[in-house]
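Inspection log for the structure reproduced underneath, given as structure tokens.
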Amino acid sequence: MIPMLDLTKEFLDIEEEVIASVIEVLKGTKYVLGPRVAEFEDRLAEYHGLPFGAGVGSGTGALFLSLASLPISPGDEIITTPFTFFATAESILYVGAQPVFVDIDNKTLNIDIDLIEEKITKKTKAILPVHLFGLPCDMTRLTALAKKYNLYVIEDCAQSFGSSIDGRLTGTFGDAGCFSFYPSKNLGCYGDGGAVVTGNKEMYENILALRNHGSRGNYIHSVVGFNSRLDEIQAAILLIKLTKVEHNNAVRRENAALYTSLLSSCVMCPYIPEGYTSNYHQYTIRSPHRDKIKDALAAADISSVVYYPLPVHLQKPLAQFGFRQGDFPVAETASAQVLSLPVYPGMPRQAIQRIAQVIQKCL
Ligand SMILES: *Cc1c(COP(=O)(O)O)cnc(C)c1O
């Protein structure tokens with residue numbers, strides 16, 4: 001049996017450190033917004049070369065609080081990709097804005113920059129790019145467009161921790177970078193968690209208040225906020241895991257390189273533009289015979305997952321917007337052809353060879 005993700009080895013490697021640190025938190029009794037959250041926020045901001053980091057309750061919280069920290073009103077439009085995890089669109093709906101989808105690029109599976117400009121209207125306030133599966137979007141062209149039309153850029157970096165373009169990390173191109181520390185993410189904690197990094201002091205201060213009922217902790221409330229804070233225990237774990245994430249990302253890249261060397265003759269392997277570095281949050285192949293491959297893997301007791309089987313514009317909660325099948329054909333075709341394979345850092349190389357064999361044989 002080869003699982004999609006197995007965190008056992010990763011945990012055993014840091015077990016003693018984690019347990020010691022969690023016990024310290026338990027004994028210290030500062031369980032919410034304590035010193036480790038503050039320290040992790042500093043480390044995270046420093047890692048990204050930005051002045052501000054704010055820990056929040058989840059990746060969804062990071063996206064939603066970032067949007068809520070901006071002057072965005074109901075009816076305003078936010079441009080994003082239809083080929084993403086549902087939370088990206090949810091965050092737009094939470095602030096009452098209208099999601100405006102732009103189809104994806106057939107090679108990168110990220111938002112197609114060439115199609116953005118024609119979707120910009122007087123109501124457009126922001127662009128929300130997603131660095132899907134860990135591959136950065138073309139942020140040079142995207143931020144140039146945003147500048148031209150005076151739009152905010154909020155990066156969904158839930159899948160792209162440590163990914164970069166010419167050495168510059170995702171999350172540092174836009175007004176804010178939003179991270180998820182859900183356990184399966186490249187930097188994952190042991191529950192829910194998220195963070196925003198930004199160079200914008202006003203956004204940062206708004207987010208600190210919004211995550212904590214609209215107050216900076218003095219029981220004076222400037223706005224109606226939310227409860228979306230990063231736990232002290234999770235911050236203690238993240239401080240340890242932050243020191244390992246680059247190594248783990250490098251191992252994922254080695255795993256990906258092995259897959260590509262074995263599979264590129266029979267399926268479409270991830271496309272990485274020159275100068276781009278992916279963290280391979282997912283190793284996602286494409287084939288018109290996707291379902292056959294998935295079945296063959298399942299028969300060999302190998303897990304694989306379709307991220308994502310239905311693009312966001314066709315999901316039921318968006319029915320009110322009247323999108324139809326055929327509106328974003330590249331995303332729709334991708335949904336029918338993609339398959340993500342296990343690529344996690346602790347997996348044995350023989351498992352990759354075996355998976356490749358099963359795929360080659362079934363084609
Ligand atoms: C995981 C994920 C989120 C949401 O993060 P949570 O921590 O689960 O709320 C948002 N966007 C993308 C692209 C994700 O993969």
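Predicted model, so just to flag it, every value in this text is computed and none were measured. As the structure lists them, so they are numbered: ligands from 1, and atoms in each ligand from 1.
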(message) Need the ligand 1 atom indices (1-based, order shown) with element for anything under 4.0 Å from a heavy-atom of Gly59.
(response) 5 (O), 6 (P), 7 (O), 9 (O)
(request) Report yes or no: is the cationic atom of Arg252 (NZ for Lys, CZ for Arg) closer than 6.0 Å to the six-membered ring centre of Tyr344, at no more than 45° off its axis? (result) no
(request) Using a 4.5 Å cut-off on heavy atoms from C-beta on, say whether the side chain of Ile127 contacts that of Thr80. (result) no
(message) Using heavy atoms and a 4.0 Å limit, tell me yes or no: is Asp192 in contact with ligand 1?
(response) no
(request) Give the intermediate values and the outcome of side chain to side chain contact (heavy atoms under 4.5 Å, CB included) for residues Arg216 and Glu205. (result) CA-CA 9 Å; Arg216 294 294 296 273; Glu205 288 183 342; 4.1 Å; yes
[X] and ligand 1 - part of the residue with a heavy-atom distance under 4.0 Å:
X: Thr84; result: side chain
X: Ser58; result: both
X: Asp156; result: side chain

Out of [options], indicate the one that has the non-hydrogen atom closest to [atom].
atom: atom 5 (O) of ligand 1; options: Ser160, Ser180, Cys189, Ser184; answer: Ser180
atom: atom 4 (C) of ligand 1; options: Thr60, Leu128, Leu63; answer: Thr60
atom: atom 1 (C) of ligand 1; options: His281, Lys185, Gln159; answer: Lys185

(request) Using salt bridge (Lys or Arg N to Asp or Glu O under 4.0 Å) as the criterion, list what pairs up with Lys125, not counting sequence neighbours. (result) Asp76
(request) Answer with yes or no whether the side chains of His131 and Glu155 bring together a donor and an acceptor at under 3.5 Å. (result) yes
(message) Quick check on the 6.0 Å ring-centre criterion: do Phe83 and Phe328 meet it?
(response) no
